[in-house]
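Below is one structure; the comments refer to it alone.
Each residue takes its place number in the sequence, starting with 1.
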Amino acid sequence: MQNDISEKKECPCTYPGCPRHGDCEACKAYHHGIGQKTSCERMGKE
């Protein structure tokens with residue numbers, strides 16, 4: 001996982017304060033683990 005600021009700016013997540021912002025795999029694991037879709041999936045970006 002890279003914590004590069006330019007990578008984070010490209011993340012389509014609607015909540016940039018999220019600790020998983022810019023880390024798609026961690027985001028998917030978290031949201032799918034609690035039965036939710038990710039922001040990307042809700043916006044049709046994935």
*asked:* Name the residue from Arg20, Met43, Lys28 that meets the side chain to side chain contact (heavy atoms under 4.5 Å, CB included) definition with Thr38.
replied: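 Considering Arg20, Met43, Lys28, a side chain to side chain contact (heavy atoms under 4.5 Å, CB included) with Thr38 is found only for Lys28.
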*Of all heavy-atom pairs between Cys13 and His21, which one has the smallest distance, and what is that distance?*
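Closest approach of Cys13 to His21, heavy atoms only: CB-ND1, 3.4 Å.
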_Return the SG to CD distance between Cys27 and Gln36, rounded to the nearest 0.5 Å._
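With rounding to 0.5 Å, SG (Cys27) is 9.5 Å from CD (Gln36).
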*Roughly how far apart are Cys40 SG and His31 NE2, rounded to 0.5 Å?*
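So the gap between those two atoms works out to 9.5 Å.
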*Any side-chain heavy-atom pair of Glu41 and His32 under 4.5 Å*: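 A side-chain contact exists here, since the closest heavy-atom pair is under 4.5 Å.
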*Other than Ile34, which residues form its hydrophobic cluster under the rule that side-chain heavy atoms must be closer than 4.5 Å?*
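Under the 4.5 Å side-chain rule, Ile34 groups with Tyr30.
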